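Quantities reported herein were computed from a predicted structural model and do not represent experimental measurements.
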Number of protein chains: 2
Amino acid sequence: MNGRSAMRLARLQEALAGGGTIRLSEAARLCGVSEMTIRRDVAASDGAMVFLGGRLVMADNPHYAPVYSVDEQKDSHFLAKRRLCERAADFIEEGDTLFIDCGTTLLPLIGLLAGRKQLTVVTYALNVANAVSTLSDVRLVLLGGVYHDASQSFGSDGMEEAIHRLGINRAFISAAGVHEQKGVSCFHFHEVAPKQAAIACAAQRLLVADESKIGVIRPAYFAGLNDFDVVITDGDMAPSPESGGPRIVAA
Amino acid sequence: MNGRSAMRLARLQEALAGGGTIRLSEAARLCGVSEMTIRRDVAASDGAMVFLGGRLVMADNPHYAPVYSVDEQKDSHFLAKRRLCERAADFIEEGDTLFIDCGTTLLPLIGLLAGRKQLTVVTYALNVANAVSTLSDVRLVLLGGVYHDASQSFGSDGMEEAIHRLGINRAFISAAGVHEQKGVSCFHFHEVAPKQAAIACAAQRLLVADESKIGVIRPAYFAGLNDFDVVITDGDMAPSPESGGPRIVAA
DNA sequence: CAAGAAATGTTGGAAAAATAACATTTCTTG
DNA sequence: CAAGAAATGTTATTTTTCCAACATTTCTTG
């Protein structure tokens with residue numbers, strides 16, 4: 001890549017910063033070069049932008065929209081997650097206020113909310129909020145704060161309190177690690193407070209985790225298995241022997 | 001459109017709810033029909049989804065909406081807004097904490113923040129937050145609450161207080177109406193509180209409005225012209241005669 | 001300023017996507 | 001269940017996008 005090429009790329013990236021696409025022809029005109037040069041610029045760049053049917057788009061940085069793509073196997077567990085979310089959606093009732101955790105596990109759940117009546121979704125995740133914001137008939141409450149890139153979510157001091165002020169029927173919680181003895185954990189410590197607050201005040205607590213999480217321990221512990229009413233998973237989990245443990249739903 | 005077709009469309013829409021795209025071939029496989037049928041489904045539908053270079057996308061996904069488009073003229077003021085934002089960006093200094101208002105006027109400003117050091121952006125708008133979230137070197141604080149579709153922004157009781165707890169150097173405020181006598185106004189009442197709070201505590205207050213807003217009055221009044229230190233516009237605005245009025249910057 | 005290198009433009013053909021036309025299957029309905 | 005209609009599949013054609021090859025221009029550097 002050369003200096004002028006970098007300038008052009010920066011200019012285009014600027015134009016795309018607010019989202020959206022630019023036609024190749026317009027990009028060329030905007031930069032005062034031929035279309036071929038724009039193509040070459042983009043091809044030689046770091047992949048921040050890509051062409052999609054003659055239009056220039058910001059590449060799917062995971063910060064925005066995860067691409068559903070089976071053959072490209074970007075997310076090998078997508079189909080599993082979808083199945084899990086279908087099971088999870090069965091628990092939802094009309095008029096519910098749902099807490100939906102961050103991560104990609106619960107994203108397919110959003111699609112299943114379309115058409116349901118009188119739902120409210122509470123979340124602290126940007127990707128979840130974006131998905132819900134497109135559903136005109138679902139109310140969205142986003143718990144704000146400082147943005148954390150790694151988990152596409154927000155954290156703040158007041159979040160715990162904010163959650164307690166809401167009446168949450170069902171909390172759908174995701175996790176990076178689920179261990180029979182060592183409990184449920186995630187990667188990022190700022191997720192602990194909102195997760196715990198949601199678990200503390202929701203009428204029903206549902207843990208959703210695909211098999212890759214089962215038997216795994218991650219740095220930030222946030223709950224024991226018994227803190228959940230339902231565990232939805234496609235992994236190996238022995239049904240609780242004694243009463244009092246969560247109900248295990250296989251997907 | 002027929003029943004099964006509607007089912008397929010719903011299924012695809014579900015898959016796209018989390019954002020992203022589906023290849024035509026995958027969509028066909030997902031629905032168990034040929035690619036041609038999917039094409040026909042989408043063509044006969046209400047336009048909620050569109051094809052973009054062999055991929056299916058939600059039409060309202062701002063990530064894939066055409067931004068700069070001469071023939072499609074979706075936003076005739078795009079170039080003007082870009083110019084305004086270039087002027088606005090001149091005021092930004094290293095280490096600043098910026099309040100950025102909702103709407104589309106200030107969106108091009110985000111692109112101009114890339115590469116600047118030590119910036120923090122405070123906003124209550126989802127589209128602004130999405131744009132900022134892609135900039136790895138800019139800190140983002142999103143003020144959450146209940147989502148309002150019309151302005152793609154959030155509103156909550158505690159927002160005023162939350163803003164007052166932040167140290168804001170510069171507030172970039174947009175408006176739907178700017179009137180010499182009747183002051184500055186917007187469409188939605190929930191925007192009034194955050195705008196006023198930002199104006200109240202920012203060290204520098206900048207109003208950014210293209211010519212279509214000048215001389216216009218909208219339902220929700222939120223400030224007088226004298227509450228601003230700088231007004232950046234490409235419209236007709238007489239420079240303040242007496243001292244004390246805002247500095248007018250033409251773009 | 002000449003020679004070489006790098007960048008950009010132009011052109012033509014390969015690949016992919018969009019569309020049209022027609023064949024086949026599936027669904028109604030009497 | 002036969003006839004017609006609707007839906008879907010298949011194939012061919014057109015259009016568009018993509019890419020490689022070569023031509024031209026612009027930039028370096030001695």
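- Taking only side-chain nitrogens and oxygens, B/Ser34 comes nearer than 4.0 Å to OP1 or OP2 of D/dG9.
- For A/Arg55, no side-chain nitrogen or oxygen approaches OP1 or OP2 of D/dT17 to under 4.0 Å.
- In this structure, A/Leu24 atom CG and D/dT15 atom C1' are separated by 16 Å, rounded to whole Å.
- A straight line from CG of A/Leu56 to C1' of D/dC18 spans 14 Å, rounded to a whole angstrom.
- Checking C/dA17, D/dT8, C/dT8 against the side-chain heavy atoms of B/Arg8 singles out D/dT8 as nearest.
- Between A/Phe51 and A/Ile38 the shortest side-chain heavy-atom distance falls below 4.5 Å.
- Atom CG in A/Asp41 sits about 17 Å away from atom P in C/dA6, given to the nearest Å.
- The base-pairing partner of C/dT24, taking Watson-Crick or G-U wobble contacts with both distances under 3.5 Å, is D/dA7.
- Using a 4.0 Å cut-off, no side-chain N or O of B/Arg39 falls inside it from OP1 or OP2 of C/dT19.
- Separating the CD1 atom of A/Ile38 from the P atom of D/dC19 is a distance of 15 Å, rounded to the nearest angstrom.
- Atom pair B/Arg40:CZ and D/dA7:C1' shows a separation of 8 Å (rounding to whole Å applied).
- The side chain of A/Met36 lies closest to D/dC19, out of C/dA21, D/dT17, D/dC19.
- Checking A/Glu35 against B/Phe51, the closest nucleotide of DNA chain C that is more toward the 5' end is the one next to A/Glu35.
- With no hydrogens or angles considered, no side-chain donor-acceptor pair links A/Ser153 and A/His188 at under 3.5 Å.
- The partner of C/dA15 is D/dT16, judged by Watson-Crick or G-U wobble contacts that both fall below 3.5 Å.
- If you check C/dG30 for Watson-Crick or wobble pairing at under 3.5 angstrom, you find it paired to D/dC1.
- Looking only at distances, no side-chain donor or acceptor of B/Asn169 sits under 3.5 Å from a matching main-chain atom of B/Gln204.
- When the C1' atom of C/dA7 is taken as reference, atom CG of A/Leu9 falls 14 Å away, rounded to whole Å.
- Between atom CE of residue B/Met49 and atom OG1 of residue B/Thr21 there is a gap of 13.0 Å, rounded to the nearest 0.5 Å.
- Between B/Leu109 and B/Val208, every side-chain heavy-atom pair lies at or beyond the 4.5 Å cut-off.
- For A/Thr37, the side-chain atoms get nearest to C/dT8 when compared with the rest of C/dT8, C/dA17, D/dT10.
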